[in-house]
Amino acid sequence: MSSPLALLGGPPVIDVPGPHFAWPPIDDSDVEAVTGQLMSAVSVPDRSGVVAELEDALASLLGVRHVVTTSTGTAALHSMYAAAGIGPGDEVIVPALTFHATATPLFHLGARPVLADVNEHGQLDLNDAARRITLRTKAVVAVHLWGLPENMDNLISFTARHNLMLLEDGSHAHGATWRGQPVGSFGRAAAFSMNGPKPLSAGEGGCVATDDTELYYRVLLHGQYNKRCRREIPADHPLAPYAVTGMGLKLRIHPLAAALAHSQLPRLESFLTGREAVAAQMCKALRGVPGIAVPHPPPHARPAWYALPLRYHPEQLAGLPVERFIEALHAEGAVETDLPGSTRPLGDHQLFRTPGALLPGYADHQGQPADSFANARRVHGSTLKLPVWHREKGLHLAESYTTAIIKVAEHHKDLVT
Ligand SMILES: *Cc1c(COP(=O)(O)O)cnc(C)c1O
């Protein structure tokens, strides 16, 4: 057995102080791209320059006809829903366990996010989703949580059977594929974040991807008014007269952010293969460790490994509470292990319970009873989230983290008695 737990006075596994994971990795080519952009243009009002280059590269990565970049992923989701025609009284089924911005833009369209519980893998429970369909239900959102692709076979047949629109939030999953097809290319449209820690980072940014040209025009009208709309929406199109004002919102990406993402994009494939190797090593080391279950994506899914979500089973560790397990891990120096913070059961947020205090249009909105999302709560409360490093240097840290987990699991009895 290894040395005593650091929490009980033993030597820690990791003695390098954190943070142990930083993202995105910035190299000379990023500095050159961003400073080059700074010297050439700091505002791009139409689809030209670095904005066009980034959108073309993203469209080619995702295998879609159109991509529109936005200021954030939240803005991308807002534009996607607006462009998909989601409006007052419409209901959209959203998994109860995701980042809140998957659903919150719906409040700004007068629509209702209808939360549906998740299954044991944290993915949409289609039986629960089916029970929540009403005459007002318009769409279902697939979220590829932690970069693990949703089961798109099931989602496609579900939405086809119920005649619902399929939309995607790919914010954790740039470059992930299902049966070789990129996530974000399955639904009518997809939204992505390119926020700081996301697999493809602009610092701040987002995008909408779609094959649907009409929807594309509406994305432009939602958040990219004037020049871009005037130049891209054909003059004889019925919506062309709206080009100058659009729908009144301005949600464009900053060109310096676009330059960063454009510079990062050619390295995405090597980030993904690096993360794949590190995730495989971590899963291999942890397989069979009592109290810890590693994810098992199907062989035809290629995850982006935004994080490694481990499931904690206290019943295999004499009931040791997950909080105590994490405390022990932190003492071992594995400081970047935690329960997911902002990705949590949406029903827990005040905005989903009583939105009316902030959004007067929702004064009558009845929050869904929190106990209807038992799996979302259970999965969230037992997910240990670890960073997945992407290169050689990370292999050593990844090994130290799994060593720390194995050590705490081996010594769990010392913490229970
Ligand atoms: C990050 C994230 C968002 C929001 O993106 P921002 O760029 O932070 O606005 C939406 N959905 C998911 C799943 C996310 O992880």
Side-chain angles (χ1 to χ4, degrees), residues 23-24 54 58 67-82 84 86 92-109 113 115-116 118 121-124 139-150 155 166-176 183-184 186-187 189-209 219 222-223 249-254 256-258 260-261 264 275 303-309 338-346 348-349 351-352 376 379-380 383 385 387-388:
W23 197 262
L54 174 59
L58 286 167
V67 167
V68 184
T69 48
T70 55
S71 52
T72 63
T74 308
L77 284 149
H78 193 182
S79 290
M80 172 177 79
Y81 292 132
I86 308 292
V92 176
I93 294 177
V94 180
L97 182 63
T98 178
F99 183 66
H100 52 77
T102 302
T104 48
L106 293 164
F107 287 121
H108 297 273
L109 295 165
L115 309 182
V118 296
H121 307 292
Q123 301 187 320
L124 199 62
V140 177
V141 189
V143 180
H144 309 282
L145 205 63
W146 310 126
L148 288 113
E150 254 286 3
L155 271 161
L166 176 60
L167 298 169
E168 295 176 74
D169 180 348
S171 297
H172 292 181
H174 316 68
V183 310
F186 288 90
F192 287 83
S193 168
M194 294 189 281
N195 180 237
K198 303 294 160 76
L200 177 68
S201 181
E204 293 289 354
C207 70
V208 181
V219 170
H222 184 254
L249 297 178
K250 188 164 183 257
L251 305 172
R252 291 198 314 238
I253 194 168
H254 195 292
L256 298 185
L260 176 57
Q264 293 270 312
R275 284 189 192 232
W305 295 114
Y306 176 49
L308 180 66
D338 226 330
L339 293 175
S342 49
T343 295
R344 53 169 51 252
L346 297 190
D348 288 355
H349 296 294
L351 187 67
F352 288 84
V379 171
H380 174 259
T383 296
K385 184 181 149 239
V388 181

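Whatever order the structure lists them in is the order used to number ligands and atoms, beginning at 1.
- Within a 6.0 Å radius of NE2 in H121, no more than 12 heavy atoms belonging to other residues, nucleotides or ligands are found.
- Looking at heavy atoms from C-beta onward, L200 lies in side-chain contact with L58 at the 4.5 angstrom threshold.
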Report all N/O contacts between ligand 1 and the protein shorter than 3.5 Å as a table of atom names and distances to 0.1 Å; if there are none, say 'none'.
from, atom 1, to, atom 2, distance (Å)
ligand 1, 5 (O), S193, OG, 3.2
ligand 1, 7 (O), G73, N, 2.8
ligand 1, 7 (O), S193, OG, 2.6
ligand 1, 9 (O), G73, N, 3.3
ligand 1, 9 (O), T74, N, 2.8
ligand 1, 9 (O), T74, OG1, 2.5
ligand 1, 11 (N), D169, OD2, 2.7
ligand 1, 15 (O), H172, NE2, 2.8
ligand 1, 15 (O), K198, NZ, 2.9

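- In this structure, L155 and F186 have side chains that are not in contact, with every pair of non-hydrogen atoms separated by 4.5 Å or more.
- Under the rule for a side chain to side chain donor-acceptor pair (under 3.5 Å), H172 has no partner lying at least two apart in sequence or in another chain.
- In this structure, the side chains of E204 and H254 stay at 4.5 Å or more apart for every pair of heavy atoms.
- A distance of 8.5 Å separates CE in M80 from CD1 in I86, rounded to the nearest 0.5 Å.
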